[in-house]
Amino acid sequence: MRNPYDVLGVPKNASEADIKKAYRKLAKAHHPDRNKDDAKAKDRFAEANSAYEIIGDADKRKQFDRGEIDADGKPRATGFEGFGGFGGGRGGGGGGAYDFDFSGRSGRGGGMGGGGGMGEDIFSHIFGEAFRAGGAGPGAGQQRQAARGEDVAAELSVTLEQVGGEEKLRLVLPTGREVDVVIPKGVVDGQTIRLRGLGQPAMRGEPGDALLTIRVLPHPRFKPEGADLRVSVDVPLEDAILGGTIRVPTLTGAVEMKIPAMTSSGRTFRLRGKGLPRKDGSRGDLLATSAIVLPPADEAALTEFAKTRRAAKAV
C-alpha cells in the first residue's frame, strides 16, 4: 500500500483530529454503497481504511514513523540494512556487505553458486512465502495478491445506549457468516471497521476482510458531539428562580443535579463522565442545557408579579 499519509492527504505532523477528518471525508466519498457504478471505488475505500488503521491509531502511527512497520502494518525486516546486494562477489564494490549463497555459506564475496541446502530457507525466512512459491520474480507479489479473497462491505446500526454500553451484537455478513461484534470504544457514526479474514474465501491464500460501517441511530433525547452528549432538561420556574435539585436523564438512568438560583434558559451544565466511551477508556461528558418551564395553569400571584414588573419598567 502507498504511504498512509499520502493516501489520506495529510502531512506527517497532522493532528489526530485532522487525520480523522480526512479519513471520514474519503470514506464517505468512496463508500461502495455510494459508488456502485465505479469499480475502483471499493479499492480506494479499502485503501483509506487501511491507511487510517495505521496512522489513526496512536501506537501504530509511532511504529510506522519509526520504521518498525510498513504501510500494511507488517513488521519490517531488520538487521539486513548493511547488505549491499546478493552475489556481488569479492571486491565488487559491495561496501563490505555480506553475500549469501544457496548452499548456506556466507562471507564476503561468497557468490550465489552451490547446491540447494539452507539457502532457500534463509531467503524464505527473510522474505516470506512469496519467495518459497517462486516469488523472486517481479510478478510474484501480484500473483499472491490475486489469490486473496475479496473484501465485503456491511453496515451495523446501533443505538447510543449500545455504544455507551460497548455491547456485543450479532451480525450476519454478506457471506452468510454470523459473528459477534463488540462495539469498539470511540466509534463514531460513519466509521468503518476492518474485520480481518471475514470476507470472501479464496481457493488459495488468505480470505478477504469485512469492512463494517457503523451507523449510530438518532436518539430522541441525546445528541452526540464526539464523546460528549447534549440534552435539554426542563427546569420549573420556581427552581430556576430560587435554585434547587432537578433530575437529568443519562444513558444509564436519571441522576440528580443541583442548579443555582436565578438560572436562565439556555444555561449549560457539565456532568463529567456521563457521555460516550473514548478510545483511551475514559468517557465524555453530558452537557445539560436548561429549559425553563412555566406553570401549567394561570396562577394569580405569578400573573400579578409579572404585571407589577412590567409596570415598573414602563415608568
Within a 6.0 Å radius of atom CZ on R170, are there more than 12 heavy atoms belonging to other residues, nucleotides or ligands?
yes
pair Y52-K20: side-chain heavy atoms closer than 4.5 Å
yes
Nearest heavy-atom neighbours spanning I259 and D239:
CD1-O, 3.8 Å
Within a 6.0 Å radius of atom CZ on R278, are there more than 12 heavy atoms belonging to other residues, nucleotides or ligands?
yes
Before giving the answer on salt bridge (Lys or Arg N to Asp or Glu O under 4.0 Å), spell out for K185 and D280 the whole-Å C-alpha distance, their side-chain angles and the decisive distance to 0.1 Å.
CA-CA 8 Å; K185 294 181 176 68; D280 61 5; over 6 Å; no
Do L8 and I55 have side-chain heavy atoms sitting under 4.5 Å apart?
yes
Apply the test side-chain contact (heavy atoms from CB on, under 4.5 Å) to residues T252 and E161: give CA-CA distance (whole Å), side-chain angles for both, the deciding distance (0.1 Å), then the verdict.
CA-CA 8 Å; T252 55; E161 286 83 359; over 6 Å; no
Shared ILVMFWY cluster between V216 and V231, side chains joined below 4.5 angstrom?
yes
Surrounding CD of E68 (heavy atoms of other residues, nucleotides or ligands, distance under 6.0 Å), is the total greater than 12?
yes
Is it true that the side chains of T268 and T289 contain a donor and an acceptor less than 3.5 Å apart?
yes
Considering residues at least two apart in sequence or located in another chain, which fulfil the side-chain contact (heavy atoms from CB on, under 4.5 Å) criterion with S50?
M1, R194
Closest heavy-atom pair, P174 versus A153, reported as atoms and distance to 0.1 Å, is CG-O, 3.3 Å
Using only atom types and a distance under 3.5 Å, with no angle test, would you say the side chain of S290 pairs donor to acceptor with the backbone of R267?
yes
When every non-hydrogen atom of P260 is compared with those of F269, the smallest separation belongs to CD-CE2, 3.7 Å
Please work out whether the ring planes of F45 and H31 are parallel, tilted or perpendicular, with thresholds of 30° and 60°.
perpendicular
Could you give me the CA-CA distance, side-chain angles and deciding distance for D38 and R44, then say whether side-chain contact (heavy atoms from CB on, under 4.5 Å) is met?
CA-CA 10 Å; D38 186 354; R44 294 192 293 267; 2.5 Å; yes
Surrounding CZ of R215 (heavy atoms of other residues, nucleotides or ligands, distance under 6.0 Å), is the total greater than 12?
yes
Testing the 3.5 Å rule here: is there a donor-acceptor pair between the side chains of Y5 and N13?
no
Of I69, I19, I54, which meets side-chain contact (heavy atoms from CB on, under 4.5 Å) against R61?
I19
Derivation of the side-chain contact (heavy atoms from CB on, under 4.5 Å) call for V187 and V163
CA-CA 8 Å; V187 71; V163 174; 4.1 Å; yes
Single-linkage hydrophobic cluster, 4.5 Å side-chain cutoff, V179 and L169 together:
yes
Counting neighbours of CZ on R310 that are heavy atoms of other residues, nucleotides or ligands and sit closer than 6.0 Å, is the number greater than 12?
no
If you round to the nearest 0.5 Å, how far is OG1 of T213 from CD1 of I193?
9.0 Å
Once you round to the nearest 0.5 Å, how far does CD1 of I214 lie from CD of Q162?
10.0 Å
Step by step, work out the side-chain contact (heavy atoms from CB on, under 4.5 Å) result for R148 and D209.
CA-CA 10 Å; R148 184 177 179 274; D209 301 332; 2.8 Å; yes
In terms of hydrophobic clustering (I, L, V, M, F, W, Y; side-chain heavy atoms under 4.5 Å; direct or indirect links), are F222 and V158 co-clustered?
yes
Decide salt bridge (Lys or Arg N to Asp or Glu O under 4.0 Å) for R230 and D285; before the verdict, give the C-alpha distance in whole Å, the side-chain angles of both, and the deciding distance to 0.1 Å.
CA-CA 9 Å; R230 284 195 176 273; D285 303 329; over 6 Å; no
Applying a strict under-4.5 Å side-chain criterion to I, L, V, M, F, W and Y, I'd like to know whether V172 and L156 cluster together.
no
Is it the case that atom CD in E167 sees more than 12 heavy atoms from other parts of the structure closer than 6.0 Å?
yes
In sequence, state the C-alpha distance, the side-chain angles, and the governing distance for E53 and R196, and then conclude on salt bridge (Lys or Arg N to Asp or Glu O under 4.0 Å).
CA-CA 12 Å; E53 284 187 3; R196 296 195 180 278; 2.7 Å; yes
Of the non-hydrogen atoms in R283 and P277, which two are nearest, and what is the gap between them?
NH2-CD, 3.8 Å
Looking at side-chain heavy atoms only, is the closest gap between K274 and L229 below 4.5 Å?
no
Using side-chain heavy atoms (C-beta onward) and a distance below 4.5 Å, is T175 in contact with L198?
no
Using 4.0 Å as the upper bound for N to carboxylate O, is an ion pair formed by K279 and D57?
no
Looking only at heavy atoms, which two atoms of L286 and P249 are closest? And how far apart?
CD2-O, 3.4 Å
Identify the heavy atoms of I246 and D234 that sit nearest to each other, and give their distance.
CD1-O, 4.4 Å
Can you check whether K12 reaches D65 side chain to side chain, under 4.5 Å on heavy atoms?
yes
Just so I know, are the side chains of T192 and L212 near enough to count as touching, which here means a heavy-atom distance under 4.5 Å?
no
Polar side chain donor-acceptor pair, H30 to E47, under 3.5 angstrom:
no
Measuring from atom CG of L271 to atom CG of D228, what distance do you get when rounded to the nearest 0.5 angstrom?
11.5 Å
For the atom pair CG (D151) and CG (L211), what is the distance rounded to the nearest 0.5 Å?
5.0 Å
Side-chain contact, heavy-atom cut-off 4.5 Å: F64 with D70?
no
Rounding to 0.5 Å, atoms CG (L217) and CG (D189) come to a distance of 8.5 Å
Under 3.5 Å, is there a donor-acceptor pair between the side chain of S265 and the main chain of A291?
no
pair K168-V181: side-chain heavy atoms closer than 4.5 Å:
no
First locate atom CG of L160, then atom CG of L276, and finally report the distance between them rounded to the nearest 0.5 Å.
6.0 Å
Shared hydrophobic cluster, V182 / L171 (ILVMFWY, side-chain heavy atoms < 4.5 Å)
no
